[in-house]
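To keep things clear, I will list the structure first and then write my remarks on it.
Keep in mind the model is a prediction, meaning the values are calculated, not measured. In each ligand, atom 1 is the first atom listed, and ligand 1 is the first ligand listed.
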Amino acid sequence: MFEKVQIAPPDPILGLTETFKADPNPDKINLSVGVYKDATGKTPVLETVKEAERRILKQEDSKGYLPMTGEPVYCAQLQGLLFGEEHEIIASKRAATAQCPGGTGALRVVGDYLNFVHPDASIWLSDPTWANHNTIFEAAGLKCEKYAYRDPKTNGLDFDAMYESIKKIPQGDVILLHGCCHNPTGIDPTPEQWSKVGDLLAKQGVLPLVDFAYQGLANGIEEDREGLLELTKKVKQMFICSSFSKNFGLYRERTGALTVVGDDKKQADTVMSQVKLRIRYNYSNPPSHGGQIVAVVLSDKDLKAQWIEEVADIRERINEMRHLFVKTLKEKGVQQDFSSIIEQRGMFSFSGLTKDQVNRLRDEYSIYIVGSGRINVAGMTRDNMDRLCEAIKSVL
Ligand code: LMR
């Protein structure tokens, strides 16, 4: 059976990390996968995560299965983070959440749900979007379409083009919006633009699916939900995929969730009953450890406050690297204008480097950037900045 199997192409993001690991150059720099590095180049375990793990180790008394929708305390805490604890959606219980293995797991589950319940619906993705969005939804049997997003001339949002292309989305289709820190561009709509998009989606009967993987990394935990909250004012039904990989540093613990918001509790619970079966047919029930950590931290007022500080440190370091990167390139005499990178938010920026330049950075300098030109700013440090900018200058 196996003789005729062809070797699969490498994954555009995780495949690069495999090549990076095998690269013997001691000065290699990995700016491909979206993983945060501190000033010393390490991916740290947060202090609050360590404290939660100590408490879990003492208290945990069973390794029995979680429910298909995961740990209820985790799901409730996640809703508080998404909407704010006092929000009407929470009070009226018209949101239902399932803990999922990472944001990717949540996206696949919602893909399976859509394919099962709305097999004719297409899903519309921003152009560009995270390299794995297309593949996840296609694997779930959905048709993927594109809506306009980035203006290559300004390296900013082309809102008019975005709005016009959303106008063409047929009723009953689904649109994926990035909650904040758009991956791969780092460019987000303003709250006013979110509100306009919400009006349009409501008018057209298009279902939003918000991929919310970077809460806290743009402007703050509360500030980063602004776009989502604008949307909830205009549209009653939506899905939200969450991830705690980045803001809790829980990458390998696969800690995410899928939330459905409905017109009322009955509707949300009905949709969740279908989601539950997609979970059962995929992986049965989620892994527990990451969810326990998040639940412990968010349920303790002091630990939560400390975590918010830790997220602020991550955000501030990334923003400092944005400034230093642009400044260092300028000091080295690079003519190309990279200044829009300062305005962008989250881990990523679109550098505008061509595929050839990206390949040269990898082959000649052991600097790894995603083929699209996406740079993980969170992988820059004061120590690797000079070498990075010198190499970019030479390939330009
Ligand atoms: C990324 O975009 O690099 C991250 O979300 C990690 C991944 O799984 O691709």
Give a table of atom pairs where an N or O of ligand 1 lies under 3.5 Å from a protein N or O.
residue  : atom  : partner : partner atom : Å
ligand 1 : 2 (O) : Trp130  : NE1          : 2.9
ligand 1 : 2 (O) : Asn183  : ND2          : 3.0
ligand 1 : 2 (O) : Arg374  : NH1          : 2.8
ligand 1 : 3 (O) : Gly34   : N            : 2.7
ligand 1 : 3 (O) : Arg374  : NH2          : 2.8
ligand 1 : 5 (O) : Lys246  : NZ           : 3.1
ligand 1 : 9 (O) : Trp130  : NE1          : 3.1

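Each of Leu78, Leu82, Thr69, Leu258 was compared with Thr97 under the side chain to side chain contact (heavy atoms under 4.5 Å, CB included) criterion, and only Leu78 meets it.
Under the 6.0 Å cut-off for aromatic ring centres, Tyr149 and His182 qualify, their centroids lying closer than that. Two rings, from Tyr251 and Tyr36, have their centers 6.0 Å or more apart.
Remark: Ile341 CD1 to Ser351 OG distance equals 6.5 Å, nearest 0.5 Å.
Using a 4.5 Å cut-off on side-chain heavy atoms (C-beta onward), Val297 and Val49 make no contact.
Here the closest non-hydrogen pair linking Arg345 and Arg322 is C-NH2, 3.5 Å.
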